[in-house]
Engineer: 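Mind having a look at this structure? Questions to follow.
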Amino acid sequence: MKTVQDYIRTIPDFPHEGIMFRDVTTLFSDARGFRIAIDQLLHPYAGQPINKVVGLEARGFILGGAIAHQLSVGFVPIRKKGKLPGKTIEQDYTLEYGQATMEVHDDALQAGEKVLLVDDLLATGGTAEAGIKLIERMGADVIGCAFIIDLPDLGGRKKLESLGMNVHALCQFEGA
């Protein structure tokens, strides 16, 4: 029986030499693989009250939309700066080679709502940390952070856990 990891292909030297890119599009394109991933991402949160699913740009939108549908709750996108049309709040974060900014509509979450944060990959944790900060600034509570892939050598899980986050990942790959 195939695992989620079996559906993920690795592309060497993308986008830069020395990077082993973990491509989840092969997982998404397989109906069974995609269903397994969604079910496994949801499993630890079964029975917990969740009001919204927040997905991080861009592959987190695919996962988050499917999970929100499964839970019959709303979906909220957190996007790169300048992509949302309404009034937003923003959060800067550090990338490997500089800084970037994430935004969310200022009325997307309500104080006290229980939120599940979703993305495809946890590397350094910078993007997820920015998402968490945005969610918390709106007064909502992050009940968990769910990812398909964890790259433990890059320290993202430790960063999020040091913030008090419950981190769930379906598989791990060593290295960058």
Side-chain angles (χ1 to χ4, degrees), residues 4 7-8 21-31 33-46 48-93 95 100-151 154 156-157 159-160 163 165-171:
V4 166
Y7 291 95
I8 299 167
F21 186 81
R22 309 307 177 171
D23 182 15
V24 295
T25 63
T26 49
L27 170 69
F28 294 166
S29 70
D30 185 283
F34 190 52
R35 168 55 79 185
I36 291 168
I38 297 303
D39 289 348
Q40 289 181 4
L41 286 168
L42 278 168
H43 186 266
Y45 309 102
Q48 291 189 38
I50 297 173
N51 304 108
K52 299 267 175 65
V53 175
V54 170
L56 300 174
E57 188 164 329
R59 289 171 296 274
F61 297 170
I62 297 164
L63 297 166
I67 291 169
H69 172 76
Q70 192 75 9
L71 294 172
S72 297
V73 300
F75 171 76
V76 175
I78 291 184
R79 301 212 59 192
K80 294 174 185 168
K81 184 176 177 83
K83 301 286 186 177
L84 292 171
K87 187 175 177 193
T88 62
I89 61 170
E90 60 184 50
Q91 180 68 48
D92 294 332
Y93 66 103
L95 295 166
T101 303
M102 299 296 282
E103 294 181 321
V104 65
H105 281 129
D106 69 351
D107 59 355
L109 298 169
Q110 304 303 311
E113 285 189 308
K114 306 296 183 199
V115 174
L116 177 62
L117 180 78
V118 179
D119 203 2
D120 67 320
L121 177 79
L122 177 58
T124 65
T127 306
E129 181 181 20
I132 290 164
K133 287 180 178 179
L134 286 168
I135 293 164
E136 290 178 340
R137 283 174 50 200
M138 299 176 82
D141 301 314
V142 180
I143 60 108
C145 301
F147 305 91
I148 293 175
I149 301 167
D150 180 15
L151 301 177
L154 298 181
R157 176 184 285 270
K159 177 184 279 189
L160 298 185
L163 297 172
M165 294 296 121
N166 171 4
V167 178
H168 172 58
L170 303 186
C171 63

Engineer: Are Glu103 and Lys80 packed together at the side-chain level, in the sense that at least one heavy-atom pair is separated by less than 4.5 angstrom?
Structural biologist: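 Not touching, per the 4.5 Å side-chain cut-off.
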Engineer: Can I get a per-line list of side-chain donor-acceptor pairs under 3.5 Å for residues 137-151, giving both atom names and the distance, sequence neighbours left out?
Structural biologist:
{"residue": "Arg137", "atom": "NH1", "partner": "Glu90", "partner atom": "O", "Å": "2.6"}
{"residue": "Arg137", "atom": "NH1", "partner": "Gln91", "partner atom": "OE1", "Å": "3.2"}
{"residue": "Asp141", "atom": "OD2", "partner": "Lys114", "partner atom": "NZ", "Å": "3.0"}
{"residue": "Asp150", "atom": "OD2", "partner": "Arg157", "partner atom": "NE", "Å": "3.1"}

Engineer: Got Val115 and Val53 here, is their nearest side-chain heavy-atom distance under 4.5 Å?
Structural biologist: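 A side-chain contact under 4.5 Å is absent here.
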Engineer: Quickly, which of Ile78, Leu84, Ile89, Val76 forms a side chain to side chain contact (heavy atoms under 4.5 Å, CB included) with His105? Name it, please.
Structural biologist: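 In the set Ile78, Leu84, Ile89, Val76, the residue that makes a side chain to side chain contact (heavy atoms under 4.5 Å, CB included) with His105 is Leu84.
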Engineer: Given side chains that start at C-beta, do those of Phe61 and Arg79 come closer than 4.5 Å, heavy atoms only?
Structural biologist: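 Contact flag for Phe61/Arg79 side chains = yes.
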Engineer: Phe28: what forms a ring pair (Phe, Tyr, Trp, His ring centres under 6.0 Å) with it, not counting sequence neighbours?
Structural biologist: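 Checked Phe28 against ring pair (Phe, Tyr, Trp, His ring centres under 6.0 Å); matches are Phe34.
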Engineer: Who pairs with Glu113 by salt bridge (charged side-chain N to carboxylate O under 4.0 Å, His left out), at least two apart in sequence or on another chain?
Structural biologist: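 By the salt bridge (charged side-chain N to carboxylate O under 4.0 Å, His left out) rule, Glu113 matches Lys52.
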Engineer: Could you go step by step and tell me if Glu129 and Tyr93 meet the side chain to side chain contact (heavy atoms under 4.5 Å, CB included) rule?
Structural biologist: CA-CA 8 Å; Glu129 181 181 20; Tyr93 66 103; over 6 Å; no
Engineer: Just wondering, do Leu63 and Asp119 contact through their side chains at under 4.5 Å, heavy atoms?
Structural biologist: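 They are not in side-chain contact.
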Engineer: Arg59: which residues meet the salt bridge (charged side-chain N to carboxylate O under 4.0 Å, His left out) condition with it, sequence neighbours left out?
Structural biologist: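 In terms of salt bridge (charged side-chain N to carboxylate O under 4.0 Å, His left out), with neighbours along the sequence ignored, Arg59 is linked to Asp120.
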Engineer: Say you draw a straight line from CG of Leu134 to CG of Asp106; how long is it, rounded to the nearest 0.5 Å?
Structural biologist: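 One finds 11.5 Å between CG of Leu134 and CG of Asp106.
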Engineer: Give, for atom OH of Tyr7 and atom OG1 of Thr26, the distance between the pair rounded to the nearest 0.5 Å.
Structural biologist: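 Tyr7 OH to Thr26 OG1: 10.5 Å, rounded to 0.5 Å.
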Engineer: Test side chain to side chain contact (heavy atoms under 4.5 Å, CB included) on Ile36 and Val4; report intermediate values, then the result.
Structural biologist: CA-CA 7 Å; Ile36 291 168; Val4 166; 3.6 Å; yes
Engineer: What's the separation between atom CG in Leu122 and atom NZ in Lys159, rounded to the nearest 0.5 Å?
Structural biologist: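 Between atom CG of Leu122 and atom NZ of Lys159 there are 9.5 Å.
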Engineer: Under a 3.5 Å cutoff, is there a donor and acceptor pairing between the side chains of Thr101 and Asp92?
Structural biologist: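 Side-chain D/A pair, Thr101 to Asp92: present.
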Engineer: Residues in salt bridge (charged side-chain N to carboxylate O under 4.0 Å, His left out) with Glu136, at least two apart?
Structural biologist: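 For Glu136 there are no salt bridge (charged side-chain N to carboxylate O under 4.0 Å, His left out) partners, ignoring immediate neighbours.
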Engineer: If we only count heavy atoms from C-beta on, is the Leu117 to Ile132 side-chain gap below 4.5 Å?
Structural biologist: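 Side-chain contact under 4.5 Å: yes.
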Engineer: Would you mind reporting whether Val118 and Val54 have side-chain heavy atoms less than 4.5 Å apart?
Structural biologist: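 Answer no - side chains too far apart.
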Engineer: For Lys83, enumerate each residue passing the salt bridge (charged side-chain N to carboxylate O under 4.0 Å, His left out) test, keeping only those at least two apart in sequence or located in another chain.
Structural biologist: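 If we apply the salt bridge (charged side-chain N to carboxylate O under 4.0 Å, His left out) test to Lys83, skipping adjacent residues, there are no hits.
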